[in-house]
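Computation of the quantities below employed the complete heavy-atom set of this structure, encompassing side-chain atoms and omitting hydrogens, waters and symmetry-equivalent molecules. Both counts, for ligands and for their atoms, begin at 1 and track the order of listing.
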Amino acid sequence: MDVLSNNNKRNLPIGFCDSGVGGLSVFAKFKQIMPNENTIYYGDLKNVPYGSKSSEEITGYLKKILDFFEAKNVKAAVLACNTTSAVAYEKLKDNYNFKIYPIIQSSAKIIAGLNVEKLGVFATSATIKSGVYEKEINKYNSNIKVYLKACPGWVEIVEDKTFEKEESIVLVKKYFDEMMQNKPDKIILGCTHYPFLIGMLSKYTNIGIFIDPAIYFAEFIKQDLIIKELNNLSKKEGEEEFYVSANPEQFKISGELFYHIKNNPILL
Ligand code: DGL
């Protein structure tokens, strides 16, 4: 990739990755503001959920995906996954020839600048355990008190689309109630699967309390690509490829809530 001029690099695809459909919440926001970019999405459904795995396992999964993106000659990789951003990004970020954008570190500055004193974070167990959310937020604003809540089981509700099941409703309400004891001003949906649960969460509170970092993240990537003169200048709609490590049909059906995948996902 180094030998390519920036003009040629501009047309190369951007790789998006997550353990499953969650990253589509970021992908959809990005495509809204940069529809002409060529994109590749990788959903690691064979290994979902990441949030209950060890940091060695999660780093191994991400390495495999980034190696795949390297073979696909991407110009940038987007970690549309809080768990890999928290646990594996630091370990792998210098191993590749392309820029890697992690969701937590890329959106923390903007979130820390919001008018918030008590900030809740819903995330996976691995993300919470890493301590990266409070570290990143307090790096930019040490006055914000951060309240963390791990939500094991929420990712499965989204992947399996079991929103109506009694045990799903009980599990969503349980972590929500535990978080609300802290009386947070705002709550970050610190896992890219969780925006799919807004319908369920909105039964208990005004959805204005929730922050989906994807909005800030997509804008951050856009501005950074422009600064680096890597944004695609084509006026045409970008091409899209979807890859999964298991269950292509399930990926298409569960992902539909956030993004209409025109072509069938390719099983690797
Ligand atoms: N959606 C991912 C995240 O943002 C991963 C969730 C999981 O597989 O546990 O953390």
Open item on the list: Measuring centre to centre across the rings, with the benzene-like ring taken for any Trp, is Tyr175 within less than 6.0 Å of Phe122?
Closed with: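 No.
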Open item on the list: Quick check: Tyr41 with Tyr243 (ring centres under 6.0 Å apart)?
Closed with: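 No.
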TODO: Using the salt bridge (charged side-chain N to carboxylate O under 4.0 Å, His left out) rule, collect all pairs that involve residues 182-197, keeping only residues at least two apart or in two chains.
DONE: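 As it turns out, there is no salt bridge (charged side-chain N to carboxylate O under 4.0 Å, His left out) pair with a partner in residues 182-197 once direct neighbours are skipped.
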Open item on the list: Strictly under 4.0 angstrom, heavy-atom based: which residues surround ligand 1?
Closed with: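 Close residues (ligand 1, cut-off 4.0 Å): Asp18, Ser19, Val48, Pro49, Tyr50, Gly51, Cys81, Asn82, Thr83, Thr124, Val155, Cys191, Thr192, His193.
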Task: Heavy-atom closest contact (Leu66 atom, Ala77 atom, distance) - done: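 Reported closest heavy-atom pair: CD2-CB, 3.8 Å.
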Open item on the list: Which residues pass the salt bridge (charged side-chain N to carboxylate O under 4.0 Å, His left out) test with Lys161, not counting sequence neighbours?
Closed with: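 By the salt bridge (charged side-chain N to carboxylate O under 4.0 Å, His left out) rule, Lys161 matches no residue at all.
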- [ ] Mind checking side-chain hydrogen bond (donor to acceptor under 3.5 Å, both in side chains) for Glu134 and listing every partner two or more places apart, or none if nothing turns up?
- [x]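 side-chain hydrogen bond (donor to acceptor under 3.5 Å, both in side chains) check on Glu134 returns nothing, list empty.
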